[in-house]
Amino acid sequence: MIALTLAEVAQVTGGSIVAPPGVDPASVVVDGPVATDSRECGPGGLYVARVGEHADGHDFVAGAVDRGAAAALVARPVEGVACVVVDDTQDAFAALAREVLRRLPGLAVVGITGSSGKTSTKDLLGTVLATAGPTVAPVGSYNSEVGVPLTVCRVTSDTRFLVVEMGARGIGHIAYLARMAPPGIGVVLNVGTAHVGEFGSREAIATAKSELVVALPPGGLAVLNADDAAVRAMAAVTTARVVLVGEAEDAEVRATDVVLDGGGRPSFTVHTPHGSRAVQLGLVGRHHVGNALAALAVATELGMSLESVCVALESALPVSRWRMEVVERPDGVTLVNDAYNANPDSMRAALTALERMGEGRRTWAVLGTMLELGDESDALHAEVGAEVVARGVDELLVVGPAAAALAAGARAASPASSRTGTRVREVTDADDAAVLLDAELAAGDVVLFKSSRDAGLRLLGDRLAGPREELT
Ligand SMILES: Nc1ncnc2c1ncn2[C@@H]1O[C@H](COP(=O)(O)OP(=O)(O)O)[C@@H](O)[C@H]1O
Ligand SMILES: [Mg+2]
């Protein structure tokens, strides 16, 4: 983080300083990592104690200090530690993030939201911008009221670009995030059905996502997906300039001639006000075309040339784990681990890639539950089951009883007379899936793993992939 004295942290957060005897608060400077997990603390850092459902962060202050934290932001003083004591550490953390950005007026802040693809697009944009200047776009999915201030507090006085992923589980969430990290550029990728159970309706999801572009200043830029009617409609609620990106004819940044190669990697021609260029991505899945267009619109707005953006896009590889992570096993089996998360839209995107990668090969979809779909859950699982059949997947393995509707949907969609259709099998958990796959996988097979936050499925994909040096 940029350097702040303990007194400044107290002032910004409205807190009071409680320091051990002999420690002069004026001499305590926070300039190291800001963390809510004591294990991520380091010299000169600030530990933020949160009280969660399962644990009370105040219990870990000592561990944070052992790792070098200079101070802690707390709701009650901890003996022997330089503390800033506040009423609510969440509010205080938000205020701290806001202040960090207020002190860096030259920093370009980009907010990214959408139902699917936030992390992928953040990673892609982070990779591109990093070729132009110091960029903060942390690996992983830091998109909540905790993740966003953690992201913000990573900036230093050298940082030029900050890419912030913003997620929502309800109305007002993104407005809150945008107040603590006010973006100059906002990207809305899509309005899907992720978390529809919590939102109540797709309209409510659209309203929630639109809060990002509502928050943009008049001199800002809204990058909107031209191919999603609900996103396109957000042009009406922002005072910022709008750039439409997508495959629609009127998109200002537009892709044509999209083709997936045998590895599922898209190529396309991009047309922009700065010219046109052929682009070949190294990432797997057609959905990355839209993500790349969004990244391109942002990066050119921030002064990069079309050519340098395209060169960076073409060299981009997966950054955050378990998102269309492809491993070619020595025995000829291809594994696609996309088990970080799942909703109906990203299931479709992954199945499209599987179909392309599996041409002339046997394809497997090892699918688990999609969480938080509310009343529509069974119907949406059944639709994905039908999609599996429509994509010509040979072997469907449905993992976990909660996903039974997916298997039922696939069976219902399979023509009874077909001998070449999808074989549908259900297993209880990832361990059972492992036994079956170990017994049956054969050279040439392509296997997709996908589920909502099912660590078992992710690890199954990892285990089948075998040890890989580049991953830690
Ligand atoms: N633009 C997109 N449209 C649909 N699915 C996408 C898109 N981008 C990525 N995905 C898929 O969605 C899933 C989640 O991707 P991720 O980037 O982690 O999204 P988020 O951060 O929004 O949850 C992955 O399985 C990925 O393959
Ligand atoms: Mg994410």
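Only a predicted model underlies this, so the values are computations on that prediction, with no experimental measurement involved. The chain is numbered in sequence order, starting from 1. Atoms within a ligand are numbered from 1 in the order they appear, just like the ligands themselves.
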Query raised in the report: Is it true that the side chains of His271 and Thr256 contain a donor and an acceptor less than 3.5 Å apart?
Result: yes
Residues [X], [Y]: salt bridge by 4.0 Å N-O rule:
X: Glu211; Y: Arg179; result: no
X: Arg232; Y: Asp250; result: yes
X: Arg362; Y: Asp394; result: no
X: Arg463; Y: Asp438; result: yes
X: Arg286; Y: Glu247; result: yes
X: Glu301; Y: Arg241; result: yes

Query - More than 12 heavy atoms of other groups within 6.0 Å of Tyr142 OH - result: no
Residue part near ligand 1, for [X], under 4.0 Å between non-hydrogen atoms:
X: Lys450; answer: side chain
X: Asn190; answer: side chain
X: Lys118; answer: both
X: Glu165; answer: side chain
X: Ala350; answer: neither
X: Asn143; answer: neither

Of the protein's non-hydrogen atoms, which lies at the shortest distance from [atom], and what is that distance?
atom: atom 24 (C) of ligand 1; result: Asp338 OD1, 3.4 Å
atom: atom 12 (O) of ligand 1; result: Ser346 CB, 3.0 Å
atom: atom 1 (N) of ligand 1; result: Asn291 OD1, 2.9 Å
atom: atom 6 (C) of ligand 1; result: His287 CD2, 3.5 Å
atom: atom 4 (C) of ligand 1; result: Ser116 CB, 3.7 Å
atom: atom 18 (O) of ligand 1; result: Arg323 NE, 2.6 Å
atom: atom 19 (O) of ligand 1; result: Gly117 N, 2.9 Å

Query raised in the report: Does some side-chain heavy atom of Val366 sit less than 4.5 Å from a side-chain heavy atom of Leu457?
Result: yes
Requested in this report: Over all heavy atoms of both residues, which pair between Leu448 and Ala350 is shortest? Give the atoms and the distance, please.
Outcome: CD2-CB, 3.9 Å
Considering only heavy atoms of [X], which atoms of ligand 1 have at least one such atom less than 4.0 Å away?
X: Ser115; value: 22 (O)
X: Ser120; value: 9 (C), 15 (O), 16 (P), 17 (O)
X: Met324; value: 27 (O)

Requested in this report: Give the name of the N/O/S atom in Glu165 that lies closest to the Mg ion (ligand 2).
Outcome: OE2
Report summary line: Applying salt bridge (charged side-chain N to carboxylate O under 4.0 Å, His left out) to Glu99 and not counting sequence neighbours gives Arg102, Arg103
Requested in this report: Could you confirm whether Thr119 has any N/O/S atom lying under 2.8 Å from the Mg ion (ligand 2)?
Outcome: yes
Requested in this report: Give a yes/no answer: is there an N/O/S atom of Asn143 under 2.8 Å from the Mg ion (ligand 2)?
Outcome: no
**Report entry** Spacing of Leu441 atom CG and Asp331 atom CG [to the nearest 0.5 Å]
**Finding:** 8.0 Å
Requested in this report: For Lys122 and ligand 1, answer yes if some heavy atom of the residue is under 4.0 Å from a ligand atom, otherwise no.
Outcome: no
